[in-house]
Trainee: 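Can you read through this structure? Questions will come right after.
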Number of protein chains: 2
Amino acid sequence: MTTPPSGLRERKKQATREALREAALRLAVERGPDQVRVEDIAEAAGVSPRTYNNYFASREQAIVSAVTADREARVAAAVAVRPAGVSLADAVTDAVVEQYTATGEHDPRALLLITTRTALRDAYLDATAGIAPPLTAVIAERLHDTGEHTARVLAASVAAAVRIALEGWLQPAGNAEAAEGLAAGGLVVPSGSLPDRLRAVLAPLAPALDAAERRTRP
Amino acid sequence: MTTPPSGLRERKKQATREALREAALRLAVERGPDQVRVEDIAEAAGVSPRTYNNYFASREQAIVSAVTADREARVAAAVAVRPAGVSLADAVTDAVVEQYTATGEHDPRALLLITTRTALRDAYLDATAGIAPPLTAVIAERLHDTGEHTARVLAASVAAAVRIALEGWLQPAGNAEAAEGLAAGGLVVPSGSLPDRLRAVLAPLAPALDAAERRTRP
DNA sequence: ACGCAAACTTGCGTGCACGCACTTTTCCTG
DNA sequence: CAGGAAAAGTGCGTGCACGCAAGTTTGCGT
């Protein structure tokens, strides 16, 4: 179960993936993301440029994945670790906050680079959707497979909420276009720490998580 | 409010947009989506190819937007219409089901084409995210601006749920890769009508919608 | 009414995503 | 243990997304 049935072939795939990730991030940090061509990344990883995009659909995806790659699995694992006593909502919330505040052992320049350049920022936000599949698995386990859809919907909602938190966190000033008619309220708190933002966006989903959990064993 | 401050210039923009949409869809239906180049679409709409992608980031986006363009606004409007008596969860659910079962006055071949070709299918699914912004507005209104995040999170969750429903609906047979370890349950209902699917995925979110609404006026 | 400034459009050039056909590597089965 | 098939890597070609730097239209101020 921990090791999928795949044998020795899968490792080289993951190794190549890792090599591409690392090369992409390293080159991007060294010379700036716009001065890195796909050819360079492929060469640094020891593969053909054609092979590169059998793994990644865009340059930004490759760079960002070096930072977000394992977070997907880590979030799910962090949820799984929580004892059965705590509510699903608390487990998910704490796990998310825990994993997104952990800086990891990455080059601090990397995160700075990503949050600065718009293209990378967008790719980073899109990557948050990647936590949904593993989250679906652990949530489904806690729910004892009560309705296949439920776990997927809740996981996707959590991912969407996290994305919103990151969007807000990464904005120095408000962008008018997204809010449109919403800005009428006027009273918005543009700043705030990331953990606070994460808890704020996950709070509205807590009732749904609790309700789903309650439905399994009354 | 209904008319943004923009004057007469904005109309030509929308007209061009509409022309590109219509041209893209018509040509795609006529000769198949792979036999349509951007140059053809631009020519049919009477603009330069360069102008085309000031409006759309990809060919698929242009084609799909001809079908999904007004749905975004319609869903939100359908929610706004519901009387204040019905719960937010019911309002949203009914509105979504109503708008996604309404075929619209489109060429039936168009929807068939979109659901068939993979690239178009993906673009169609991505387009569901577009309902979130207008939904945010109407939900925020019902919530009397109780927490700016709440409406955004709920709207995004609804959009994500709708996407899941459509994903499942558009699959002839199960794709093994997405489910991964989830297929262990074995008992899945692969088919089912679209309205049923929509209600199924929105049900888990109802507690969150109700809780948010309840928080405004106890 | 006139002209200026902002915006939309356009042509050009570059790098890239991706399909197709082929070679090489890896794994499974008789 | 060998043969063969599936899968990964590679080369090549085509159309496209997007930056840049004009040209052109729209709308506003005086």
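Chain letters run A, B, ... following the sequence lines, proteins first, then strands; residues in each count from 1. Given the structure is predicted, the values throughout are model-derived calculations rather than measurements.
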Trainee: For C:dT25 and A:Lys12 - does any side-chain N or O of the residue sit under 4.0 Å from the phosphate oxygens OP1/OP2?
Mentor: no
Trainee: Could you state the atom-to-atom distance from CD1 of A:Ile41 to C1' of C:dG15 in whole Å?
Mentor: 12 Å
Trainee: At under 4.0 Å, does any side-chain N or O of B:Tyr55 touch on OP1 or OP2 of C:dT9?
Mentor: yes
Trainee: Between the side chain of B:Tyr124 and the main-chain N/O of B:Ser65, is any donor-acceptor distance below 3.5 Å?
Mentor: no
Trainee: Whole angstrom is fine here: how far is it from CG in A:Asn53 over to C1' in D:dC16?
Mentor: 14 Å
Trainee: Between C:dT10 atom P and B:Leu20 atom CG, what is the distance in whole Å?
Mentor: 10 Å
Trainee: From the set D:dC16, C:dC16, C:dC18, return the single nucleotide nearest to any side-chain atom of B:Arg59.
Mentor: D:dC16
Trainee: Quick one: which of C:dT26, C:dA17, D:dT10 gets closest to the side chain of A:Ser58?
Mentor: C:dA17
Trainee: Let me confirm one number: the CD1-CD1 distance from A:Ile63 to A:Ile41, rounded to the nearest 0.5 Å.
Mentor: 5.5 Å
Trainee: Short question: side chain of A:Gln61, backbone of A:Ala57 - any donor-acceptor pair under 3.5 Å?
Mentor: yes
Trainee: Using atom NZ of B:Lys13 as one end and atom P of C:dT9 as the other, report the distance to the nearest whole Å.
Mentor: 7 Å
Trainee: Select one nucleotide: of C:dG15, D:dA17, C:dT26, the one nearest the side-chain heavy atoms of A:Arg37.
Mentor: C:dG15
Trainee: Please list all pairs meeting salt bridge (Lys or Arg N to Asp or Glu O under 4.0 Å) that have one or both residues in residues 27-55 of chain B, counting only residues at least two apart or in different chains.
Mentor: B:Arg26-B:Glu30, B:Arg31-B:Asp40, B:Asp34-B:Arg117, B:Arg37-B:Asp40
Trainee: Looking at D:dG19, does its base get a donor-acceptor pair with the side chain of B:Arg50 below 3.5 Å?
Mentor: yes
Trainee: Calculate the interatomic distance between A:Gln14 atom CD and C:dT26 atom C1'; express it in whole Å.
Mentor: 16 Å
Trainee: Among side-chain atoms of B:Thr51 and B:Asn54, is any donor-acceptor pair under 3.5 angstrom?
Mentor: no
Trainee: Mind calculating the distance between CZ (B:Phe56) and P (D:dC18) to the nearest angstrom?
Mentor: 14 Å
Trainee: Please tell me if B:Ser48 has a side-chain N or O lying less than 4.0 Å from either OP1 or OP2 of C:dT9.
Mentor: no
Trainee: Rounding to a whole Å, what distance do you find between B:Ile63:CD1 and D:dC16:P?
Mentor: 11 Å
Trainee: In whole angstroms, how far is the P atom of C:dC16 from the CG atom of A:Asp34?
Mentor: 11 Å
